[in-house]
Protein chains: 2
Amino acid sequence: MMTTVDAVSFRLHQAKLQVLFYRRPCAPFQHDLALPSTQVNKAHDRCLADALLRIFIDYKLPTPAFSEQVITVGGSERDPRGWSASVVYFCLFKDEQMLAQEGWHWLDVAPLLQGEGEIAFDHRQLVTHAVERLKMKSRYSTLPVYLLGEEFTLSELQQAFEVILDVPLNRAAFRRRISRANLLEETGNSRTGNQRPAALYRRRGSGEVLFDQVMNGCAQ
Amino acid sequence: MMTTVDAVSFRLHQAKLQVLFYRRPCAPFQHDLALPSTQVNKAHDRCLADALLRIFIDYKLPTPAFSEQVITVGGSERDPRGWSASVVYFCLFKDEQMLAQEGWHWLDVAPLLQGEGEIAFDHRQLVTHAVERLKMKSRYSTLPVYLLGEEFTLSELQQAFEVILDVPLNRAAFRRRISRANLLEETGNSRTGNQRPAALYRRRGSGEVLFDQVMNGCAQ
DNA sequence: ACAATAGTGTCTATAAGACAATATGGT
DNA sequence: ACCATATTGTCTTATAGACACTATTGT
């Protein structure tokens with residue numbers, strides 16, 4: 001039986017959530033868009049996480065800032081070549097590390113979930129699962145920080161949440177929450193523009209922070 | 001490569017959370033306790049959930065009231081026979097349907113997680129994963145109802161949460177929460193004893209209910 | 001001065017947790 | 001009457017969301 005690890009790789013680009021695909025050079029689903037994937041290799045992979053990392057190493061892509069297993073799907077109908085199983089991970093990248101990768105396609109998540117694009121296998125469904133997980137966790141954790149660069153403003157962080165959750169958030173409440181999480185530290189620098197400069201922050205050591213209450217968005 | 005589906009089957013018995021094991025008749029790990037499991041069968045299983053159900057059918061066990069995929073682990077060190085992958089599900093059973101199953105062992109979760117018992121493979125670790133998931137979801141959903149019988153009192157439901165979370169809960173808050181969930185309906189019957197009878201409830205159609213706020217227990 | 005965005009103060013609503021009062025059966 | 005548990009009322013605290021006010025830069 002064929003067992004693969006598939007990566008649903010997210011980035012935020014121009015206020016859109018995007019997922020990484022490549023165009024399949026050969027059948028089945030020739031010319032369709034597919035998720036980067038690899039067969040589990042008994043000789044090289046000590047565990048499934050190794051196989052995931054090998055995807056990015058083999059394709060000379062950067063290493064994800066965060067990754068997490070989402071689901072494993074298996075069945076006889078997924079691949080015309082026969083029974084197969086895929087272990088699906090979602091991976092978060094900083095936009096800046098993913099500039100100008102030749103031969104790769106970043107697709108906006110929204111139209112993709114609406115059914116746009118020629119997508120190979122059940123990969124649209126796999127993206128749906130990964131987006132669901134990302135949205136769910138973004139409601140009660142600080143996961144989206146991993147989609148931002150080294151330094152960022154609180155407004156940029158809020159926008160990351162808003163893009164993922166697809167709902168506007170209350171500014172004051174958002175800032176209180178992030179402040180309580182004690183997740184960030186000021187870098188001392190600030191981002192300037194045609195307005196009041198914003199303080200820049202970086203992640204502090206600690207990892208993901210979980211909250212006792214979820215965010216539901218606001219009316220604004 | 002060997003791909004199996006493993007079941008972490010929970011029940012509540014005498015105010016303890018227990019997991020179902022059997023004793024391995026042959027090597028490797030002969031005589032150790034192992035989780036019920038089956039190899040994915042290309043001919044008989046259309047998907048992974050089919051393989052899970054086949055475990056219970058093949059062993060003539062009842063069907064779980066609820067099941068959910070937890071994680072997939074894979075690696076070269078898990079099984080002395082070579083690289084293997086296991087898709088782990090947790091399954092919830094009503095205590096009453098699991099009485100007197102010959103040849104099966106229900107182990108209390110607490111000592112199991114403390115390292116007690118001779119457990120085959122990495123199955124103790126798999127139980128740890130499943131318990132974590134069950135605890136996490138019990139903090140913000142109504143999942144534990146699937147561990148109770150047809151009819152139950154609110155005190156019994158609260159005790160189910162308390163056993164899983166291993167923390168006492170506030171009675172008034174718990175009842176308000178369950179009431180808001182609109183998950184139950186009174187059966188009209190009541191449970192009698194040497195005290196005021198308690199109203200009996202049953203699950204109403206709707207499935208699992210998610211809350212916006214998690215329970216943290218109380219001082220009592 | 002004005003535009004634009006950053007940052008904060010304060011009010012309301014909701015729900016958790018604390019605690020105690022009341023209700024209702026068996027003995 | 002008394003015990004044990006069920007059920008409910010109410011107070012406090014924490015946090016989300018609403019909304020508006022102040023702050024600080026470039027033009």
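Everything numeric in this text was worked out from a predicted model, so none of it was measured. Computed from heavy atoms alone, side chains included, the values below leave out hydrogens, waters and symmetry copies. In what follows, chains are A, B, ... by sequence order, proteins preceding strands, each numbered from 1.
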Q.
Just to be sure I understand the rule, does A:Asn216 reach a base, reach only the sugar-phosphate, or reach nothing, if contact means heavy atoms closer than 4.0 Å?
A.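 The answer is sugar-phosphate, as A:Asn216 gets under 4.0 Å only of primed atoms, P, OP1 or OP2.
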
Q) Hey, does B:Ala198 reach any base, or is it just sugar-phosphate, or nothing, if we go heavy atoms under 4.0 Å? A)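 Sugar-phosphate, no base atom in range.
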
Q: Check whether the side chain of A:Arg177 and the base of D:dG17 form a donor-acceptor pair under 3.5 Å.
A: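 Answer is no: no donor-acceptor pair is held.
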
**Q.** base_contact_polar (C:dA16 base, B:Asn170 side chain, donor-acceptor, <3.5 Å)
**A.**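 No, no donor-acceptor pair under 3.5 Å.
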
Could you check how far [atom1] of [X] sits from [atom2] of [N], rounded to whole Å?
{"X": "B:Phe174", "N": "C:dA18", "atom1": "CZ", "atom2": "P", "result": "15 Å"}
{"X": "B:Arg176", "N": "D:dT8", "atom1": "CZ", "atom2": "P", "result": "12 Å"}
{"X": "A:Leu184", "N": "C:dA6", "atom1": "CG", "atom2": "P", "result": "15 Å"}
{"X": "A:Arg175", "N": "C:dT5", "atom1": "CZ", "atom2": "P", "result": "13 Å"}
{"X": "B:Leu157", "N": "D:dT7", "atom1": "CG", "atom2": "P", "result": "12 Å"}
{"X": "A:Ile178", "N": "D:dA16", "atom1": "CD1", "atom2": "C1'", "result": "14 Å"}
{"X": "A:Glu156", "N": "C:dG7", "atom1": "CD", "atom2": "C1'", "result": "15 Å"}
{"X": "A:Leu169", "N": "D:dA18", "atom1": "CG", "atom2": "P", "result": "10 Å"}

(Q) So if I take every side-chain heavy atom of B:Arg171 and compare against C:dG7, D:dT7, D:dA18, which nucleotide ends up nearest? (A)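 Nearest listed nucleotide: D:dT7.
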
Q: Ignoring the backbone of A:Gln213, work out which of D:dA6, C:dA18, D:dA16 is nearest its side chain.
A: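 The answer is D:dA16, which lies nearest to the side chain.
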
With a cut-off of less than 4.0 Å, is there a side-chain N or O of [X] near OP1 or OP2 of [N]?
{"X": "A:Arg196", "N": "C:dG7", "result": "no"}
{"X": "A:Ser155", "N": "C:dT5", "result": "no"}
{"X": "B:Arg180", "N": "C:dA16", "result": "yes"}

If the threshold is 4.0 Å, N to carboxylate O, is there a salt bridge linking [X] and [Y]?
{"X": "B:Glu208", "Y": "B:Lys137", "result": "yes"}
{"X": "A:Arg54", "Y": "A:Asp45", "result": "yes"}
{"X": "A:Glu151", "Y": "A:Arg191", "result": "no"}
{"X": "A:Arg46", "Y": "A:Asp50", "result": "no"}
{"X": "A:Arg11", "Y": "A:Asp95", "result": "yes"}

**Q.** Polar contact flag, side-chain donor to acceptor under 3.5 angstrom, B:Asp212-A:Gln213
**A.**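 No, because no side-chain N or O of B:Asp212 sits under 3.5 Å from a partner of the opposite role on A:Gln213.
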
Q) Centre of A:Phe152's six-membered ring, under 6.0 Å away, within 45 degrees of the axis: is that where NZ or CZ of A:Arg202 sits? A)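 Not satisfied by the 6.0 Å and 45° rule.
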
Q: Tell me, please, whether A:Phe90 has A:Arg133 positioned over its six-membered ring: NZ or CZ under 6.0 Å from the ring centre and within 45 degrees of its axis?
A: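 That pair does not qualify as a cation-pi contact.
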
Q.
Within residues 144-153 of chain A, which residues have any heavy atom lying less than 4.0 Å from an atom of DNA chain D?
A.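 Listed by number, there are none.
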
Q | Any residue of residues 185-195 of chain A with a heavy atom less than 4.0 Å from an atom of DNA chain D | A |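 Here the set is A:Gly193, A:Asn194, A:Gln195.
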
(Q) Using heavy-atom distances to pick each residue's nearest nucleotide on DNA chain C, tell me which of B:Phe211 and B:Ala172 is more 5'. (A)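 Looking at DNA chain C, the more 5' nearest nucleotide goes with B:Phe211.
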
**Q.** A:Lys16 side chain vs A:Asp108 backbone, donor-acceptor pair below 3.5 Å
**A.**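 Such a contact is absent between A:Lys16 side chain and A:Asp108 backbone.
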
Q | is_close_aromatic(B:Trp106, B:Phe21), centroid dist under 6.0 Å | A |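 So the answer is no for these two rings.
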
